[in-house]
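Note on naming: letters A, B, ... go to the chains in the order of the sequence lines (proteins, then strands), and numbering restarts at 1 for each one. All values below were derived from every heavy atom in this structure, side-chain atoms included, with hydrogens, water molecules and symmetry-related copies excluded.
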There are 2 protein chains.
Amino acid sequence: MIDAGERVAPTGEGVSLGGLETTVGFLLRLAQVAVFKDLLAALKPFDLRVTDLSVLLVIEATPGLHQRAIGDVLRIQRPNLVTIIDQLEARRLVRRGPVADDRRAYALRLTSEGEALLREAKVAHAEHGRKVLDALGDLEPERMLAALERIAAL
Amino acid sequence: MIDAGERVAPTGEGVSLGGLETTVGFLLRLAQVAVFKDLLAALKPFDLRVTDLSVLLVIEATPGLHQRAIGDVLRIQRPNLVTIIDQLEARRLVRRGPVADDRRAYALRLTSEGEALLREAKVAHAEHGRKVLDALGDLEPERMLAALERIAAL
DNA sequence: TATTGTTATACTCTATAACTATA
DNA sequence: TATAGTTATAGAGTATAACAATA
């Protein structure tokens with residue numbers, strides 16, 4: 001009988017994860033943290049966080065949309081979006097314009113500065129994206145995306 | 001020419017994600033959030049968070065290990081682990097025992113209460129795990145795990 | 001009444017510096 | 001000197017309640 005009790009390595013080297021290592025959830029988290037870390041580093045030169053890039057992309061895709069709509073698609077609470085837009089607006093990347101028939105809401109658009117920065121950020125984003133796709137190896141991206149979508153709909 | 005500008009749905013329905021929807025990173029995050037949410041709900045009856053379960057599993061797999069080792073394998077900062085172990089110990093699920101040749105460190109073990117609770121929690125965890133595997137559909141779990149591992153090593 | 005954006009606030013997670021007691 | 005655990009603290013990220021202006 002092996003007395004593993006008092007002869008354990010102080011660091012985690014060789015210590016078992018107790019089954020967690022073959023769990024989708026655990027590896028999903030490690031992968032997500034790694035991807036966000038890599039993207040954050042890629043966006044560093046533009047002083048953008050992952051969320052900032054997402055917001056800019058959504059505004060670019062649908063100019064004039066309300067803050068509410070961004071929160072809906074990106075799953076950001078409305079109160080938290082206020083600060084994000086405040087910062088982007090302070091940097092003159094985004095403009096809060098008037099909405100013709102609703103004076104409560106803002107029509108969000110990229111400024112030309114915002115468009116210019118996003119153009120560059122998208123290059124870095126694409127490069128990051130290629131790294132992630134490379135990591136998929138023999139797994140087809142479409143199958144990965146489909147699986148992740150189904151998991152997200154749990 | 002279509003003037004999409006001022007005719008935008010206030011809610012996010014039908015609003016484009018600007019390419020994010022076909023991005024591994026974005027879906028990875030949605031999937032991870034969904035999995036943790038589902039697991040947290042599954043662990044609710046045991047008053048355990050996802051991290052608590054992970055810690056219990058690691059201690060069970062290697063009884064007597066140091067706090068340091070848990071932090072290493074689960075990527076939890078040592079200061080943050082203190083509170084987690086404090087709470088588990090206060091609930092008499094875990095014991096901080098002495099280490100024979102090092103009076104700075106603790107040998108962590110499950111109490112019998114901890115073993116009993118973990119036994120039940122593992123059933124719920126397994127059921128949750130099956131739901132996640134089902135969501136993989138035609139994608140073989142091993143291929144998913146391998147891909148996630150490579151992404152995590154970015 | 002309901003909704004948009006806002007303010008204030010709180011809670012969780014994560015991160016860092018510095019201390020203690022040992023090694 | 002270095003290490004294990006600890007304390008204190010700070011920073012993200014995320015969440016809810018309530019308000020003003022407007023619909």
Side-chain angles (χ1 to χ4, degrees), chain A residues 6 8-13 15 29-30 32-34 36-37 39-40 43-44 47-55 64-72 74-90 94-108, chain B residues 6 8-13 15 29-30 32-34 36-37 39-40 43-44 47-55 59 64-90 94-108:
Chain A
E6 315 298 343
V8 169
T11 66
E13 295 195 59
V15 167
R29 182 172 134 76
L30 293 190
Q32 191 257 300
V33 169
F36 269 55
K37 195 173 188 176
L39 180 53
L40 182 64
L43 295 175
K44 196 92 174 188
D47 194 23
L48 292 175
R49 291 160 305 179
V50 177
T51 305
D52 297 324
L53 175 68
S54 306
V55 168
L65 85 177
H66 301 359
Q67 283 183 201
R68 165 87 207 273
I70 298 178
D72 284 356
L74 290 179
R75 311 204 185 179
I76 302 172
Q77 304 290 327
R78 264 65 80 225
N80 298 331
L81 202 50
V82 173
T83 314
I84 296 170
I85 302 293
D86 278 352
Q87 293 166 346
L88 293 175
E89 195 180 36
V94 160
R95 218 183 73 234
R96 277 195 251 234
V99 172
D101 57 344
D102 189 341
R103 295 195 334 205
R104 295 171 304 180
Y106 293 122
L108 297 172
Chain B
E6 315 298 344
V8 169
T11 66
E13 294 196 58
V15 167
R29 183 173 134 74
L30 293 189
Q32 191 257 300
V33 168
F36 270 54
K37 195 173 186 176
L39 180 52
L40 181 64
L43 295 176
K44 195 92 175 188
D47 194 24
L48 292 174
R49 291 161 304 178
V50 177
T51 304
D52 297 324
L53 175 67
S54 306
V55 167
I59 296 176
L65 85 178
H66 301 0
Q67 283 184 199
R68 165 86 206 272
I70 298 178
D72 284 355
V73 296
L74 290 180
R75 311 203 185 180
I76 301 172
Q77 303 290 327
R78 266 65 81 226
N80 298 330
L81 202 50
V82 173
T83 314
I84 296 169
I85 302 293
D86 278 353
Q87 292 166 346
L88 293 175
E89 195 179 36
V94 159
R95 217 182 73 235
R96 277 194 250 233
V99 172
D101 56 343
D102 189 341
R103 298 197 332 208
R104 297 171 303 179
Y106 293 122
L108 297 171

Let's test your reading of the model: under 3.5 Å, does the base of C/dT4 pair with the side chain of A/R68 as donor and acceptor?
no

Base, sugar-phosphate alone, or nothing: which one does A/R75 contact when heavy atoms must sit under 4.0 Å apart?
nothing

Once you round it to whole Å, what is the distance between C1' of C/dT4 and CG of A/D101?
13 Å

Measure across A/G12 and B/V73 and return the closest heavy-atom pair with its distance rounded to 0.1 Å.
O-CG1, 3.4 Å

Has the side chain of B/R104 got a donor or acceptor that lies under 3.5 Å from a partner of the other kind on the base of D/dT3?
yes

By the 4.0 Å heavy-atom rule, please label B/Q77 as base, sugar-phosphate, or nothing.
base

Given atom CD1 of B/I84 and atom C1' of C/dT14, what is their separation to the nearest angstrom?
10 Å

Check this for me: does the side-chain of A/N80 come within 3.5 Å of the base of D/dA15 through a donor and an acceptor?
yes

A/F36 CZ to C/dC13 C1', straight-line distance once rounded to whole Å:
15 Å

If you assign A/H66 and A/R29 each to the DNA chain C nucleotide with the nearest heavy atom, which residue ends up on the more 5' nucleotide?
A/H66

Please report the shortest heavy-atom distance between B/L43 and B/R49, naming the atom on each side.
CD1-O, 3.8 Å

May I have the distance from A/R103 (atom CZ) to C/dT6 (atom P), rounded to whole angstrom?
16 Å

Between A/L40 (CG) and C/dT14 (P), how many Å, whole number?
16 Å

Return the 5'-most residue of the pair B/V82, A/T51 with respect to DNA chain D, ranking by each residue's nearest nucleotide.
B/V82

Nearest to the side chain of B/Y106, which nucleotide is it out of D/dG5, D/dT22, C/dT6?
D/dG5

Looking only at heavy atoms, what is the nearest atom pair of B/R29 and A/Q32, with distance?
CA-CG, 3.7 Å

Can you check the A/R96 CZ to C/dT4 P distance for me, whole Å?
15 Å

Nearest to the A/P79 side chain among C/dA23, C/dG5, C/dA8, which nucleotide is it?
C/dA8

Could you tell me how far apart A/I76 (CD1) and D/dT14 (P) are, to the nearest whole angstrom?
8 Å

A/Q67: which of A/I76, A/I84, A/I85 passes side-chain contact (heavy atoms from CB on, under 4.5 Å)
A/I85

Any base atoms under 4.0 Å from A/R78, or only sugar-phosphate, or nothing? Heavy atoms, all strands.
base

Whole Å only: how far is the CG atom of B/D86 from the P atom of D/dT7?
7 Å

Nearest atoms (heavy-atom pairs only) where B/Y106 meets B/V99:
C-CG2, 3.5 Å

